[in-house]
There are 2 protein chains.
Amino acid sequence: MQVAANSTANPIGKYSFMKKKKTSLKDIAKEVGVSIATVSYVLSKGANSRVSVEMSEKIKKVAKELNYQPNQIAKSLKSGKTHTIGLIVADISNPFFAHIARIVEDEAAKLDYTVIFGSSDEKADKSWGLIKFLMNRQVDGFIIVPSEGSNDQIQYLEDHNKPYVLIDRRLPERESNYVVIDNHEVAYQAVKRLIDTGNERIGMIAYSNGLQHMRDRVSGYRMALQNHGISFDNSWLKAVNFDQVKEGVRAGIDDLLNGPKPIDAIFFATNTLAVEGLKYLDKLNVRVPDDISIVCFDQGDAFDFYYCPLTYVKQPLVTMSEEAVRILISQIDDPSLPKVQKSLQAELVIGKSCSGRLMADKN
Amino acid sequence: MQVAANSTANPIGKYSFMKKKKTSLKDIAKEVGVSIATVSYVLSKGANSRVSVEMSEKIKKVAKELNYQPNQIAKSLKSGKTHTIGLIVADISNPFFAHIARIVEDEAAKLDYTVIFGSSDEKADKSWGLIKFLMNRQVDGFIIVPSEGSNDQIQYLEDHNKPYVLIDRRLPERESNYVVIDNHEVAYQAVKRLIDTGNERIGMIAYSNGLQHMRDRVSGYRMALQNHGISFDNSWLKAVNFDQVKEGVRAGIDDLLNGPKPIDAIFFATNTLAVEGLKYLDKLNVRVPDDISIVCFDQGDAFDFYYCPLTYVKQPLVTMSEEAVRILISQIDDPSLPKVQKSLQAELVIGKSCSGRLMADKN
DNA sequence: AAGATATGCTTAATCGATTAATAATAAAAA
DNA sequence: TTTTTATTATTAATCGATTAAGCATATCTT
C-alpha cells in the first residue's frame, strides 16, 4: 500500500482550497482498472480499436464522467508540436496590426492553432527577446512583422528549422516566406493620383528605417514623379524616426510648408504618420484639399471622421493575413515545401482629398 | 553502443533539411561526460552548487557553446506551471481591447509571463471554446472580458482552481477577482453634464445585453435624469444587439430623432456605438453640438478627427490592465490569497459636444 | 585508526501523454 | 491435436526537464 505516499502527493488533503484536480489518463485507467496505454489507445485513436468494444465504451464513459481533457503540454513534449504559432507585430495596439492579429487568430483557430503574440516596438532587441522566448515555448512557427536589423533573428530561425512567414515587410537579403503588397506599384499609383489631380510639388512623409517596404513606397513615389516629368527635390522627402513620430511629422510638415516654394500635396507612408500629420495640419488650419492634397496609407475608424474623405491605399489585410497563416501551417506540416513569396496588389481608394491647382478630384 | 538507435532517433541523417536540433541537457551531459542531473543542478541552481567549481564552469561553458535554451514545455510538464496567461477579450481588433491587450502584454512580460489571447466575439460558446483550449494548454491563469452567459465557464475555472481576473466587466452573481470602473458613477456624471449644459430630452444608446457594466451605465443615466427632475421616457433608451450594431444604432437614432418630440442629446454607452452613431448623424446632416449634444464612452484616434471635440468618458486603461495582471499573478503565486475587487474611477473629459438650448458648453 | 561529516556526482522517479514491442488468451486452420 | 493467426491488453521506453535519495571518496574528529 502506498497510502502515505499518496496522501502526501495528493494536494487535496493538504490544501483545502484545492477542489478538483485535472483528470489524467492515469485516473481513468485506475477507475476502469486497465493500463494507461489502453486508455490512451481508446481516447486518441478513436475507432482504430485494438481494444474491445465493451472496454472501449467503458473507458469513454468514464472519461466523460471525469471530464477528461488531455494535457496538451504532455502531448507537446512527446510530439514536439505545440500547435501554437508566435505572432510578432510592431505594436498590437496599432489598429493596423490589431486587425492583422484578429485575422491571424481566426484563421489559426480554424486550423486548430493557438496564437501567442508579442509587440516588438520596431526594436530588434525586443524582437530577439520575443523570438527566444517563444522558441523556448516551442511554438511551431512564426508570423513576423520584421523590424530593422532583425536579420540575425531570422537566420536563427532558419538555423533551427523553425518555419516562419514574414508579413507586411520582407527582408530582401534572404529568401524567406513572405506575404506583402506591391508597395512600389501602389505608391506609384498614389502619387500618380496626386499628379493627375493637378499637384506638382509633392512631399512624402515616411519612416527613416531601411526596411524594404518603406524603400519601395519611396521608390514608387520617386518613379511617379520622374515618369511625369517632375524632378524630385530632396527636401520633399521627410524621414521620421519611429521613436519620435509626433515631433518628426510636425518638423517635416513645417519644413514642407514653410520653404520658399511650399508643396501642394503630401503622401503619407503609413497610417500612423497620416494620423499625426492630419492632426497637425488641422492645428495649422491647413485645409484638405483646398490648401493641400493628401494621399495616405491604410484606412481606419480614424479617417472615417475626417472632414474630407481621404484618398488612401487599401491593403488586402484579410488575404494577407490568411495567406500567411496558411503558408506557415503548410510548412509546419511539411518543412520540405519550397518557400512561398506573395506580393499582393493593394487598391487605391479614391476620396476627395486630392485636388491641385489644375483640376478638382474627379470623384 | 547505441549507434544504430541513435542514428535512427537523430533526424539529421534522415532529413537533410534539418540542420540544427535544439540542444538539451542530455547533449551537454554527453559532451561534458557527466549525468544529466549534474548539468541540471548547475544550470538551474546557479551558485547553490553541490557541484565542484571546475565542473560547474565546464558545464556552463559547454552550455553556452551549444547555445542551450531550456525547453519550457518540459519544465512546464514537471512544474505544472507554464508562465503563460490567457487573455480573452471580445475582439482584439477593437482598439479598446487592443489597447488593453498591449498593456497586459507589457506588464506580463515584466513579470516574465507570456500572453495567449483570443476573441470571444461576445459569444458565450466561443468563450467556452477558448477557455477549454487554453486550459488544456495549461495556462496559469486568465484575464477575461466576460460575455453574457459565461457564468458556467467561470464556475469551471473556479472548480479547477484556475486563477482568473475579470476586466472591464464583472459578474455580480459571483465573487470573483475583478477590475472595472465605477460605471454607474461616471455615467451619472456624463448625463449630468448633458443636463447642466441645457439638455432635457436625453437619449441613450446601449447594448442589449444584461451585463452589469451596461446595467450600471444605464442606471447612472436614469438616476441622473431622476435627480434632476427629468422623468425618464422609455423610448429614450435604445438597446442595440451585438450582432447588428450598424443597423441597431441607425434604427435607434432614427427613432430618437423622428418621434413627436425629438431628443436633444445622446449618450453613447461604448466607443463602437459612438463611432457608428456619429457616422450616421453625419450622414443625416445632424450637427454636433448645434443640432444635438453628445457624450460618449472611451476615446480613440477616431474621435480625434471628429469635427467637434467630444465630451467623453476616459477609462483608466493602463491602471486597469496593469492591476489585472498583478492581481492575477499574485494569485497564481499564492492561490490562497483572498479575492480582489477593484472599481476604479473614470474621468469625464470635457469637450465641446454638449450645448443645449439653455446654455453653451462652459469650456 | 575508527567513526562521523562533507563533498561531488549518479540513479531513478516523476510530470502526462504516445507507441513499439510483447505477452496472454482465444479462435481458426492444419 | 498441434500450429497458426487474431484479438486484446500490458510493459516499457520516450519526450526534456527536476529533484529526492543514494553512493563513493575525501576530509575531519577525537
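Only this structure's heavy atoms are used, side chains among them; waters, hydrogens and symmetry mates stay out.
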Next on the checklist: Run the salt bridge (charged side-chain N to carboxylate O under 4.0 Å, His left out) test against K61(A) and tell me which residues pass, sequence neighbours left out.
Outcome noted: E65(A)
Checklist entry - T38(B) and S35(B): side-chain donor and acceptor closer than 3.5 Å? => result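 Yes, S35(B) and T38(B) have a side-chain donor paired with an acceptor closer than 3.5 Å.
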Next on the checklist: Is a donor from one side chain sitting under 3.5 angstrom from an acceptor on the other, for Q155(A) and N151(A)?
Outcome noted: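 Their side chains do not contain a donor-acceptor pair, so the 3.5 Å distance test is not met.
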Looking for any heavy atom pair under 4.0 Å, which part of the strands does [X] touch: base, sugar-phosphate only, or nothing?
| X | value |
| --- | --- |
| K75(A) | sugar-phosphate |
| S40(A) | base |
| S35(A) | base |

Roughly, in whole Å, what's the span from [atom1] in [X] to [atom2] in [N]?
| X | N | atom1 | atom2 | result |
| --- | --- | --- | --- | --- |
| R137(A) | dA17(D) | CZ | P | 14 Å |
| L77(B) | dA17(C) | CG | P | 9 Å |
| I36(A) | dT11(D) | CD1 | C1' | 11 Å |

Next on the checklist: Within residues 65-73 of chain B, which residues have any heavy atom lying less than 4.0 Å from an atom of DNA chain C?
Outcome noted: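 Per residue number, the list is empty: none.
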Item to check | Residues in ring pair (Phe, Tyr, Trp, His ring centres under 6.0 Å) contact with H83(B), at least two apart in sequence or another chain | outcome: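 H83(B): ring pair (Phe, Tyr, Trp, His ring centres under 6.0 Å) contacts with Y113(B).
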Item to check | F117(A): ring pair (Phe, Tyr, Trp, His ring centres under 6.0 Å) partners, not counting sequence neighbours | outcome: F117(B)
Polar atom pairs between nucleotides 22-26 of chain D and protein, under 3.5 Å, N or O only, would you list them?
none

Checklist entry - When you look at NZ of K126(B), are more than 12 heavy atoms from neighbouring residues, nucleotides or ligands closer to it than 6.0 Å? => result yes
Next on the checklist: Is it true that, when you exclude K58(A) itself, more than 12 heavy atoms of the residues, nucleotides or ligands shown sit nearer than 6.0 Å to its NZ?
Outcome noted: no
Next on the checklist: Heavy-atom nearest nucleotide on DNA chain C for T38(A) versus K78(B): which residue maps closer to 5'?
Outcome noted: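 Looking at the nearest nucleotide for each, K78(B) comes out on the 5' side.
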Checklist entry - In dot-bracket notation, what is the pairing pattern of DNA chain C, taking Watson-Crick (N1-N3 plus N6-O4 or O6-N4) and G-U wobble (N1-O2 and O6-N3) contacts under 3.5 Å, with [ ] crossing and | for other strands? => result ||||||||||||||||||||||||||||||
